[in-house]
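These notes are about the structure you will find just below.
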Amino acid sequence: MKWSKKLIHTLKEQPKNVENISHSLSIRAGLVRPLISGVYSYLPLGWRVISNIITIIKKEMNRIGGQELFLPALTPSELWEETGRWEEYGKEMFKLKDRRNRDMCLAPTHEEIMTEIARKEITSYKDLPQIWYQIQTKFRDEIRPRGGLFRLRQFIMKDSYSFDTNDEMFRKSYNLHREAYNNIFKRCGLDFITVKASSGLMGGSLSEEFMVFSESGEDVVVVCEKCGYKANREVAKAGESSKFKVQSSKDEPLTKVYTPVKGSVEEVSKFLKVPKTKLMKSLLYIIDEEPVFLLLDGEHELSDEKIRKLGTARAATPDEIKTIAGASPGYIGPVGLKTKVKKFADTFLKFQSGLITGANEDMYHFKGVNLERDLKIDEYVDLMLVNDGDKCENCGDSLKVKHTIEIGHIFNLGTKYSSSMGAFFLNKKGERRPIVMGSYGTSPERIMMSIIETHHDEDGIIWPLEIAPYKVLIIPLNIENPEVKNTAFTIWSDLNEKTETLIDDRNESVGVKFKDALLIGIPLQIIIGERSLKTGKVEIKSRDGKFSKVVKKEDASKEVIKIVNRE
RNA sequence: CGGGGGGUAGCGCAGCUUGGUAGCGCGCUUGGUUCGGGACCAAGAGGUCACGGGUUCGAAUCCCGUUCCCCCGACCA
């Protein structure tokens with residue numbers, strides 16, 4: 001392709017309102033353009049990349065027996081009501097009405113529609129197993145789209161669904177998907193890990209996420225570099241050994257101290273000149289309509305996911321706090337309460353005493369709190385988010401907290417959807433059984449952004465060969481020099497038939513051409529200039545800087561094809 | 001939903017405090033020079049200053065409302 005005839009517009013300057021590197025480069029290299037918050041247009045160069053990623057996904061999905069189909073994005077409310085998700089999904093759904101006032105939504109995911117097909121089409125164990133997938137646009141009205149293309153309101157997703165007779169068979173489908181995902185991400189040049197995850201709105205028990213390490217990521221995982229433990233921070237556990245970090249005197253008497261500062265851990269620890277670990281956070285929650293104190297040490301934070309396991313939970317409002325504990329937020333605590341409130345303490349606290357917490361009186365805290373002596377804990381549970389440096393449960397080594405981008409998620413759905421929507425089959429014995437399902441998602445856009453995030457330098461993108469929008473970029477340095485021009489076009493017309501080749505035939509100065517080449521990141525460059533042409537040669541160079549060779553101009557095409565085929 | 005920042009040429013920005021002809025850089029067009037690392041000279045085109053209302057002789061600028069974009073947070077005491 002001739003650059004001069006293509007919509008490949010690069011930007012010299014950093015675009016406004018971008019904060020991560022992949023966002024900036026994808027706009028500067030002319031891959032995408034923003035339309036509205038969380039919605040982007042793909043320009044030709046970006047779409048070629050997405051297409052290449054989709055090609056890989058399809059190949060790997062087909063390899064495990066997946067059958068591609070295509071479902072509507074416009075869906076009726078009735079299906080969602082059958083599973084209760086019309087309400088559950090709430091405002092995240094783009095809901096609309098048709099002209100007859102029928103409730104519809106733009107599908108945020110497709111379990112219901114897939115199950116709807118399964119319940120009509122699958123009647124016998126002989127129909128199973130099945131794996132169906134599609135590559136389709138999803139709509140989610142996110143609370144806050146962020147990080148450029150990482151959290152979008154409209155995005156492309158490869159979602160697949162497995163249908164099996166029982167758990168054992170499901171396991172096979174699940175493992176096939178894990179294998180397919182491993183292959184997809186490897187071929188995309190991504191360095192990733194899998195972690196246990198929470199299944200959120202999807203339901204079901206087993207779920208794993210595929211994660212790429214990146215500072216720009218909005219997910220946080222906990223990893224142990226020694227033994228390989230890894231989990232999403234929401235569900236990660238720290239080992240016992242980190243719980244002995246704080247040792248305080250058991251005999252310290254319970255005393256009330258005047259703390260005329262804001263009630264935050266930060267302020268109180270500074271005022272009393274004690275480490276944050278001495279403080280006990282006392283958080284009042286309403287769980288299953290009942291007030292509950294959640295207690296944890298001053299250095300750790302609550303995991304929303306872990307609270308969710310206790311029941312339907314929400315934080316108490318300031319008014320409720322005042323009524324139940326008799327003080328403002330920041331000065332409340334589980335000691336000496338007038339009303340009876342359940343108390344759940346993080347297991348971390350089991351070994352601690354001499355703690356400081358709110359005295360249920362504004363501007364006062366208790367110190368010397370001993371959990372055994374001064375109050376009755378109803379239950380010790382795991383509540384906290386693991387911090388960097390906490391100890392590993394398995395090996396005792398220090399845990400690391402790292403930012404990641406979630407590029408894939410695989411779920412066991414069990415019979416959640418088949419039971420509620422009536423997708424049954426008859427087994428060999430003629431018994432009616434719900435289909436055991438799994439669902440599996442990955443997003444080409446996320447993959448693209450993750451690749452940029454992990455494959456770039458200060459000058460631009462460095463595409464892996466299989467993903468790149470073009471494999472080769474021919475750069476005639478001075479297009480007005482007839483010899484340069486002719487050589488370039490001769491090589492181009494030969495190479496263009498064999499691999500995707502772009503020729504920078506613009507009448508631009510060399511600086512512009514080199515800078516743009518670095519920015520858009522085509523893996524192989526053929527540089528044609530008067531200097532090397534004097535001896536009948538041209539230069540072949542890889543974008544990553546690992547390869548550079550001067551060859552006879554007649555051999556250029558052959559040499560490049562050798563590299564393309566080898567990789 | 002709460003808080004903060006922003007919207008002026010295709011892109012990045014200045015001008016706003018103190019109201020008085022709408023500017024700069026990049027990009028774009030034309031002509032010329034240049035060509036192994038974002039070249040130079042010259043001449044141009046391009047604006048509903050987000051939108052609506054108000055104050056004023058006069059508003060990009062002051063006041064009110066709306067809207068869109070970005071960031072942080074969403075009860076972490």
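Per chain, numbering begins at 1; letters A, B, ... match sequence-line order.
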If you assign each of A:L385 and A:L519 to its closest nucleotide in RNA chain B, which residue comes earlier from the 5' end?
A:L519
Please state the C1' separation for the pair B:rC16 and B:rA59 - nearest whole angstrom.
11 Å
Is the shortest side-chain N/O distance from A:S509 to OP1 or OP2 of B:rG37 below 4.0 Å?
no
Answer for the Watson-Crick or wobble partner of B:rU66, both distances under 3.5 Å, is B:rA50
Between C1' on B:rG10 and CD on A:E13, what's the gap in Å once rounded to a whole number?
12 Å
When the distance from NZ of A:K16 to C1' of B:rA9 is rounded to whole Å, what number comes out?
13 Å
Name the pairs: protein N/O against N/O of nucleotides 14-16 of chain B, kept only if under 3.5 Å.
none

Separation between the C1' atoms of B:rU30 and B:rC70, rounded to whole Å:
39 Å
Interatomic distance where NZ belongs to A:K306 and P belongs to B:rC76 [whole Å]
19 Å
Could you let me know what B:rC35 is paired to, Watson-Crick or G-U wobble, both distances under 3.5 Å, or none if it's on its own?
none
Any cation-pi pair here, A:K402 with A:F213, using under 6.0 Å and within 45°?
yes
Side-chain contact, heavy-atom cut-off 4.5 Å: A:M93 with A:W80?
yes
When the nearest nucleotide of RNA chain B is assigned to A:D459 and to A:I36 on a heavy-atom basis, which residue is associated with the more 5' position?
A:D459
Quick one: A:I143 CD1 to B:rC75 P, roughly how many Å, whole number?
10 Å
Roughly how far apart, to the nearest Å, are B:rG54 and B:rA42 at atom P?
47 Å
Please measure how far the C1' atom in B:rA39 lies from the corresponding atom in B:rC13, and state the result in whole Å.
24 Å
Do any pairs count as a salt bridge (Lys or Arg N to Asp or Glu O under 4.0 Å) and have a residue in residues 29-45 of chain A, sequence neighbours left out, and if so which ones?
none
Please report, rounded to the nearest Å, how far the P atom of B:rG5 is from the CZ atom of A:R146.
19 Å
Mind checking who B:rC26 pairs with, Watson-Crick or G-U wobble, both distances under 3.5 Å?
B:rG10
Atom pair distance, as rounded to whole Å: CG in A:L152 and P in B:rC70
11 Å
Counter-base of B:rA59, judged by Watson-Crick or G-U geometry with both distances under 3.5 Å:
none
Whole-Å distance, A:N17 CG to B:rG4 C1', equals 14 Å
Any side-chain N or O of A:K12 less than 4.0 Å from the OP1 or OP2 oxygen of B:rG27?
yes
Nearest-Å distance for atom pair CZ/P, residues A:R144 and B:rC69:
13 Å
